[in-house]
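Shown next, in structure tokens, is the structure this report addresses.
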Amino acid sequence: YVFLQFGAFSKKKNASEAKITIERKIQSKFPKFLIDVEFDKKTKLYKLFYKSTENTNAQRIFKFCKEIKINCIFPKK
């Protein structure tokens, strides 16, 4: 899988709210886009991840995020 990370939050509520906001914006161009919220026990943070089986698709989403001013990274996972 290829992963994109859309933030890390100390509170689950904040992560869930960000997930909904980001999904709505990106689904305007990528209707099947969904984010998973994962809790990292080591850092004690809730992280937002999108995973794709295709590098090309992840690259297109990454580019679109930059255009609409949503920060994301390719994390080492």
Side-chain angles (χ1 to χ4, degrees):
Y1 288 103
V2 179
F3 292 91
L4 290 176
Q5 183 178 336
F6 290 89
F9 301 84
S10 59
K11 295 181 181 176
K12 188 174 184 178
K13 178 181 181 276
N14 294 348
S16 297
E17 289 173 358
K19 171 188 176 350
I20 291 166
T21 301
I22 294 166
E23 283 179 342
R24 283 185 184 149
K25 290 179 180 179
I26 296 174
Q27 285 173 349
S28 67
K29 187 167 182 175
F30 300 93
K32 295 182 180 180
F33 178 83
L34 292 172
I35 293 174
D36 294 321
V37 178
E38 297 179 14
F39 184 70
D40 184 332
K41 291 178 185 176
K42 186 176 177 182
T43 61
K44 297 190 179 359
L45 294 173
Y46 294 91
K47 296 182 178 183
L48 305 181
F49 287 107
Y50 166 75
K51 65 180 177 182
S52 176
T53 55
E54 300 174 26
N55 189 43
T56 307
N57 193 43
Q59 291 284 350
R60 285 196 303 256
I61 290 171
F62 181 80
K63 184 179 177 189
F64 180 65
C65 289
K66 297 302 171 200
E67 291 171 10
I68 62 171
K69 308 269 191 276
I70 292 178
N71 290 328
C72 64
I73 61 169
F74 285 99
K76 294 178 183 174
K77 193 164 179 184

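Every heavy atom of this structure was used, including side-chain atoms; hydrogens, water molecules and symmetry mates were not. All values derive from a computational prediction rather than experimental measurement.
- Shown here for Ala15 and Tyr46, the closest heavy-atom pair between the two residues is CB-CB, 3.7 Å.
- In this structure, Lys29 NZ and Lys63 NZ are separated by 7.5 Å, a value rounded to the nearest 0.5 Å.
- Residues in residues 8-30 take part in these ring pair (Phe, Tyr, Trp, His ring centres under 6.0 Å) pairs, two or more places apart or across chains: Phe30-Phe64.
- Taking hydrophobic clusters as Ile, Leu, Val, Met, Phe, Trp and Tyr residues chained together by side-chain heavy-atom distances below 4.5 Å, Ile70 shares a cluster with Val37.
- Here the shortest heavy-atom pairing between Cys72 and Cys65 reads SG-CB, 3.9 Å.
- Note: the hydrophobic cluster containing Ile35 does not contain Leu45 (ILVMFWY, side chain heavy atoms under 4.5 Å, direct or indirect links).
- A continuous path of hydrophobic side-chain contacts links Val2 to Phe6 [ILVMFWY only; heavy atoms under 4.5 Å].
- Phe39 places a side-chain heavy atom less than 4.5 Å from the side chain of Lys44.
- There is no path of hydrophobic side-chain contacts, each under 4.5 Å, that joins Ile22 to Phe3.
- Ile26 and Tyr1 are not part of a single hydrophobic cluster, where members link through side-chain heavy atoms under 4.5 Å apart.
- The side-chain contact (heavy atoms from CB on, under 4.5 Å) test applied to Asn71 returns Lys66, not counting sequence neighbours.
- Here the closest heavy-atom approach between residue Lys25 and residue Ser28 is recorded as O-OG, 2.7 Å.
- Side-chain contact between Leu34 and Gln27 is present, with heavy atoms from C-beta onward closer than 4.5 Å.
- Between Phe33 and Tyr50, the distance from one ring center to the other falls under 6.0 angstrom.
- The CG atom of Asn57 sits 14.0 Å away from atom NZ of Lys51, with the distance rounded to the nearest 0.5 Å.
- Contacts classified as salt bridge (Lys or Arg N to Asp or Glu O under 4.0 Å) and involving residues 5-20 (residues at least two apart or in different chains) are given here: Lys13-Glu17, Lys19-Glu23.
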